[in-house]
2 protein chains.
Amino acid sequence: MDATLVRETAGDHVDLGELRDSLGFLMRLAQLQVFENYFAALGPYDMRPGEFSVLVVISRNPGIRQGVLANRLMIKRAHITKMVRGLEDQGLVARRIPDEDRRVVELTLTKKGNAFVAERIDVLTTFDRAVPEGMTRKERDQLVHLLHKFLGLTEASA
Amino acid sequence: MDATLVRETAGDHVDLGELRDSLGFLMRLAQLQVFENYFAALGPYDMRPGEFSVLVVISRNPGIRQGVLANRLMIKRAHITKMVRGLEDQGLVARRIPDEDRRVVELTLTKKGNAFVAERIDVLTTFDRAVPEGMTRKERDQLVHLLHKFLGLTEASA
DNA sequence: TATTGTTATACTCTATAACTATA
DNA sequence: TATAGTTATAGAGTATAACAATA
């Protein structure tokens, strides 16, 4: 228990005060934490979280409208346009303007896009199912459950 | 149940697939949600979440070293420098370089900084204690508890 | 040599508003 | 008139690396 050890454990007690009970503050920290882990584990796979989530949702909802996608992912319209254009440039996503309503854009994955997601989805789910250090599996599942409630997501079908 | 209503409820069912169980994804959405609420409620009070959290932690830990503060808030050193300089320019924070170790910077709130925090802390805690729509108070507290665990925060004294 | 903070640079993300085309 | 998407612009946030001062 020498000075070096004390320093390395970064054992400086910091009183967070009112922030300890702030959902917003805690979620911000938690997200930074989980993203740090994410990049450490998945960085080499060339999947940025935002873009990859777009690809996953399109793969699960072929033909989804760009605006619906943006709403669900809480991405602004101006931003989703740039993301989708970028993914289109990479040959991962196809845009289609239907005759019924020529204002909207319907999105699907290309063959290449499907392959891209298929190659990486297992790595992601393995990462996501890992139980965070210091938590039990039950607590981890409970956390997911409460986040669903917080977000107003209906529970999964069985 | 006409077309207008359906559209307004944005009831487009989107299958989130593997993302439903992704802590990272859920936390990202949750944080966007809570920040949206935050700005809606506290925007007029001139408190950006990042800067205000810095002020609160300094107020609770007078003389805290800049690096310790950055670690606890998961802010990069280069970034905390800019933030603290900005807060100093606003007259809210004072920097002090102690003789014992002239590499470090110790932070305190100025009189103005203390007043700034004191004027706003009640609005923040009121906001933070609100129970999110669709959740019970117990669930909200449980969520906070699980986030503490996830972040490795020791439980509050009593 | 290692640590703390600073500076400079660039890149990502996001916000806003004006614009188009379609309905 | 309202909606979906686009474009342009600016700003905030963040990452990186090189640097100076101090230990």
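All chains are named by letter (A, B, ...) in the order of the sequence lines, taking the proteins before the strands, and each is independently numbered beginning at 1. Just so we're clear, the structure is a prediction, and the values are computed from it rather than from any experiment.
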Exercise. Looking only at side-chain N and O atoms, does B:R95 come under 4.0 Å of OP1 or OP2 in C:dT6?
Worked result: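 Indeed, a polar side-chain atom of B:R95 lies that close.
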For this session: Name the closest nucleotide to the A:V104 side chain, picking from D:dT6, C:dT22, D:dG5.
Result: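 Nearest listed nucleotide: D:dG5.
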Problem set entry | Shortest side-chain distance from A:R102, nucleotide among C:dT6, D:dG5, C:dT22 |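 Within the option list, the nearest is C:dT22.
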Could you state the [atom1]-[atom2] distance from [X] to [N], rounded to the nearest angstrom?
{"X": "A:R85", "N": "D:dA8", "atom1": "CZ", "atom2": "P", "result": "11 Å"}
{"X": "A:I64", "N": "D:dA4", "atom1": "CD1", "atom2": "P", "result": "14 Å"}
{"X": "B:Q66", "N": "D:dA21", "atom1": "CD", "atom2": "P", "result": "17 Å"}
{"X": "B:F35", "N": "D:dA12", "atom1": "CZ", "atom2": "P", "result": "15 Å"}
{"X": "A:Q31", "N": "D:dG13", "atom1": "CD", "atom2": "P", "result": "14 Å"}

Exercise. More than 12 non-hydrogen atoms from neighbouring residues, nucleotides or ligands closer than 6.0 Å to CZ on B:R120, yes or no?
Worked result: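 Yes - once you tally the heavy atoms of other residues, nucleotides and ligands closer than 6.0 Å, there are more than 12.
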Exercise. Does CZ in B:R96 sit with more than 12 non-hydrogen atoms of other residues, nucleotides or ligands closer than 6.0 Å?
Worked result: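 Yes, the 6.0 Å shell around CZ holds more than 12 heavy atoms from other groups.
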For this session: Treating Ile, Leu, Val, Met, Phe, Trp and Tyr as nodes and any side-chain heavy-atom pair under 4.5 angstrom as an edge, say whether B:V54 and B:V104 lie in one connected cluster.
Result: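 No, it is not one cluster - the side chains of B:V54 and B:V104 are not joined through contacts under 4.5 Å.
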Exercise. For every nucleotide of nucleotides 11-18 of chain C, 5' to 3': is a protein heavy atom under 4.0 Å from its base (B), only from its sugar-phosphate (S), or from neither (-)?
Worked result: --SBSBB-
Problem set entry | Contacts of type ring-ring contact (aromatic ring centres under 6.0 Å, His included), residue A:Y38, not counting sequence neighbours |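 A:Y38 satisfies ring-ring contact (aromatic ring centres under 6.0 Å, His included) with A:F127 only.
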For this session: Identify which one of A:E139, A:R137, A:H145 satisfies the side-chain contact (heavy atoms from CB on, under 4.5 Å) criterion when paired with A:D141.
Result: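 Answer after filtering A:E139, A:R137, A:H145: A:R137.
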